[in-house]
Amino acid sequence: MPTLFKDLADLLEKIAATRKRLEIVSLTADFLKSLDAEETEPAVSMILGNAFPKYNQKTLDISWTTLSKILQRVTNADWKIFLDAFSSTGDIGSATKALFEKTTLKKQTILFTKPLTITEVRRNLEAIAETSGSGAREKKERLLTALLSQASPTEAKYLVKILTHEMRTGLHEGLMEQATAKAFDLPLTTVQKANMTLGDIGEVAATAKTKGKNHLFTLNFKIFRPVKPMLAQTASDINEALVQHNGETSFEYKYDGARIQIHKQNGKVQVFSRRLTDATSSLPDIVESIKNNIVAHEAILEGEVIATDNSGNPIPFQHLMRRFKRVHDIADAAEKIPLKLYLFDALYINGKNLISLPYTQRRQTLSENAGEIPLTTQIITNKQETAEKFLQEAIAAGHEGVMAKNPNSPYTPGTRGKHWLKIKQTLDPLDLVITAAEYGYGRRHEWLSDYYLAARDPETGNFLTIGKTFKGLTDTEIINLTRQLKETAITEEHRHVTVIPKIVVEVTYNEIQHSPKYNSHMALRFARINRLRPDKQPEDADTITKVKNIYEKQFAKKGRYKTEP
Ligand code: AMP
């Protein structure tokens, strides 16, 4: 019996209603057990708020403007109902449910249609993503309208959450790993490892269901399926890194560029961005150089690409982003903005998975296979003075700082651990998400130029405001940002526009203060947008826990004012 989408929506309602992790895991595990094999991956993806598995390159490409128009049309209800519900819950899904409950259309036709199943919803989402070419917009709208017209209020709530990638039930990927382990009677570490290898927890659950749990113990990477990147934590200085790594540490230049993951098999090369999107066609020069240099016939490698001037000196990051986004005149852009690749890791070479090997061995294998492509500039030392000098050299050469890596550490995909530490010289900027914006004054009165900045609460998935700024962006950037923000605008009142949290910006500041003004009770002082981070998603934004830690750390040097918590 195919599982109904209603059952999935009911499960999500129950999950959202509890804060008990064990209960969430157990409800989800029972649900996973009840699914058919082919429903498993789609259901897991949707429960996590994803239309498709992570490695999949498909995108729905639906703007909030389009979606809200369809919601209005499908319900024919007063939009004020949506806005009121949104302002009391802050949740587009719940506001959609309220709207659907007040529909003025008689749903007679629906009585005769069959209820939606999980498989049908996935098929619909695929059809929406695959629509392209002339008339694509109208076709997308038709498909969306058809899908939403079949939905009950609760189903519509979760469909909209999936369509906007805004699930926020408190069930994050870590808990889904636990639920998968419970459902298929597997050790959690096996599930976690399989998730790192396959890059998608839905596929792990589906594999456990169809191929049996033994299969999960022997998984390997698949070439051309990107792996989630290993991430770095921040260290405040060289000494902290040396203490953390207990002596010998690999220090490397931290290049201010974009990370790429290279997949090669025989003559074919594919390059993925940090967000795991396929950037191959934007980077023909890099692809060519990989084809000409990489020795291994099969390889998964990582490196950082920077933009340079014609004499090879690094130039600002925004130029690099232009190369990544370019779809037309690629050859021209490649000539105007030359790129330089520095390799730093090897995950897989000729059928062998290297991630459990110590970093020094992976790097050795990398150097044997890199041809003429340079590796990141590196020293291995346990001496503070030598490392400090190296950091100064990195900064003098126009780079961001250094990475300090534990030479004995494995590669842990998708985790931000302490094996890699980034050290920059200034207060570490924060990656924050824009949750609202206001129109400016004077010259800027038609632009959304004052931005509310929020950090992520990993517990709830909500975003908590920690500051506001109108500083740092160029006019062109503000104009582009205004257009993007308007596409995701939810409410507009007195020149204040709330938006779906989508856009990530890197923000510098000089202090974090206690403040009753925002729901986080903290406020950045002298916040300034350093740059846009189109390579990051809201899930990659810094957490409120990190902000609190920085707030607390300030008091190592300062006294505490009486009213500060
Ligand atoms: P962040 O994006 O601030 O978390 O810093 C980590 C990023 O620094 C990585 O994802 C890489 O894109 C980049 N990076 C620059 N140089 C290196 C290096 N030598 N090793 C690893 N990552 C590097």
Side-chain angles (χ1 to χ4, degrees), residues 226-236 241 245 249-262 271-277 279 283 286 301-308 314 316-317 320-321 324 339-347 355 359-360 362-363 366-367 370 373-380 387 390-391 393-395 397-407 409-432 455-456 504-508 530-543 546 550:
V227 182
K228 277 184 254 175
M230 176 168 176
L231 302 166
Q233 288 193 10
T234 305
S236 30
H245 296 151
T249 299
S250 163
F251 290 95
E252 295 165 29
Y253 283 6
K254 184 178 191 306
Y255 301 90
D256 188 10
R259 183 174 190 155
I260 58 167
Q261 195 175 95
I262 297 156
V271 177
F272 298 95
S273 74
R274 192 199 134 107
R275 294 169 73 155
L276 311 185
T277 51
L283 307 171
I286 297 286
L301 311 175
E302 281 199 321
E304 186 85 353
V305 161
I306 59 168
T308 65
F317 181 79
L320 176 66
M321 281 296 112
F324 268 77
L339 299 182
K340 188 153 183 158
L341 168 64
Y342 292 92
L343 294 170
F344 58 75
D345 221 316
L347 282 64
I355 64 168
Y359 179 49
T360 38
R362 299 200 306 278
R363 183 139 169 143
L366 178 65
S367 73
I373 302 177
L375 271 51
T376 49
T377 306
Q378 182 202 40
I379 56 162
I380 298 184
F390 187 70
L391 169 64
E393 277 166 22
I395 291 181
H399 305 301
E400 250 188 323
V402 293
M403 298 288 289
K405 300 183 185 172
N406 181 339
S409 59
Y411 186 98
T412 49
T415 36
R416 190 183 291 284
K418 287 191 190 300
H419 290 319
W420 286 13
L421 299 169
K422 48 187 170 184
I423 304 168
K424 300 181 199 170
Q425 253 202 335
T426 47
L427 255 189
D428 203 18
L430 290 168
D431 289 327
L432 300 174
R456 186 166 55 86
V504 182
V505 289
E506 190 182 85
V507 178
T508 56
N530 205 16
R531 58 178 170 170
L532 302 166
R533 291 298 306 249
D535 57 324
K536 292 204 171 179
Q537 292 177 297
E539 304 90 273
D540 299 324
D542 281 314
T543 60
K546 175 167 174 179
I550 302 175

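Whatever order the structure lists ligands and atoms in, that order sets their numbers, starting from 1. Since the structure is predicted, the reported quantities are computational estimates derived from the model, not experimental observations.
For ligand 1, the atoms sitting less than 4.0 Å from at least one non-hydrogen atom of Thr376 are 19 (N), numbered in the order shown with element in parentheses.
Looking at Tyr342 against ligand 1, nothing comes within 4.0 Å, counting heavy atoms. Contact annotation for Arg274 and ligand 1: only side-chain heavy atoms (C-beta onward) come within less than 4.0 Å of the ligand. Using a 4.0 Å cut-off between heavy atoms, Lys536 contacts ligand 1 through its side chain alone, with no backbone atom that close.
Under the rule for a side-chain hydrogen bond (donor to acceptor under 3.5 Å, both in side chains), Glu304 has no partner lying at least two apart in sequence or in another chain. Checked against side-chain hydrogen bond (donor to acceptor under 3.5 Å, both in side chains), Ser273 has the following partners two or more places apart in sequence or in another chain: Thr277.
For an aromatic pair to be called close, the ring centres must be under 6.0 Å apart, and Tyr342 with Tyr255 satisfies this. Between Phe390 and Tyr253, the ring center distance clears the sub-6.0 Å criterion.
Of all protein heavy atoms, the one closest to atom 16 (N) of ligand 1 is Tyr255 N, 3.1 Å. At the shortest separation from atom 23 (C) of ligand 1 among protein heavy atoms lies Phe344 CE2, 3.9 Å. Nearest protein neighbour of atom 9 (C) of ligand 1, counting heavy atoms only, is Arg259 NH1, 3.6 Å. In terms of protein heavy atoms, atom 7 (C) of ligand 1 is closest to Lys254 NZ, 3.9 Å. Protein heavy atom nearest atom 3 (O) of ligand 1, with residue, atom name and distance: Lys422 NZ, 2.9 Å. Of the protein's heavy atoms, Met403 CG, 3.7 Å lies nearest to atom 17 (C) of ligand 1. Closest to atom 12 (O) of ligand 1 among all protein heavy atoms lies Glu304 OE1, 2.5 Å. With hydrogens left out, the protein atom closest to atom 20 (N) of ligand 1 is Lys405 NZ, 2.9 Å, a heavy atom.
Heavy atoms of His399 come nearer than 4.0 angstrom to ligand 1 in no pair at all. Taking a 4.0 Å cut-off on heavy atoms, Arg416 registers as neighbouring ligand 1. Taking 4.0 Å as the cut-off, Gln378 does not count as a neighbour of ligand 1 on heavy-atom distance.
Nearest approach of Leu276 to Pro229, heavy atoms of both residues: CD2-CD, 4.0 Å. Here the shortest heavy-atom pairing between His419 and Ser409 reads CG-CB, 3.3 Å.
Listed for the Gln261 side chain is a donor-acceptor partner under 3.5 Å among the backbone atoms of Val227. A donor-acceptor pair is defined here as one N or O able to donate and one able to accept, closer than 3.5 Å; such a pair exists between the side chain of Arg456 and the backbone of Ala541.
Under the 4.5 Å side-chain criterion, counting only non-hydrogen atoms from C-beta, Leu343 is in contact with Ile262.
Contact check on Asp345 versus Lys405 returns no salt bridge, with no Lys/Arg side-chain nitrogen under 4.0 Å from an Asp/Glu carboxylate oxygen.
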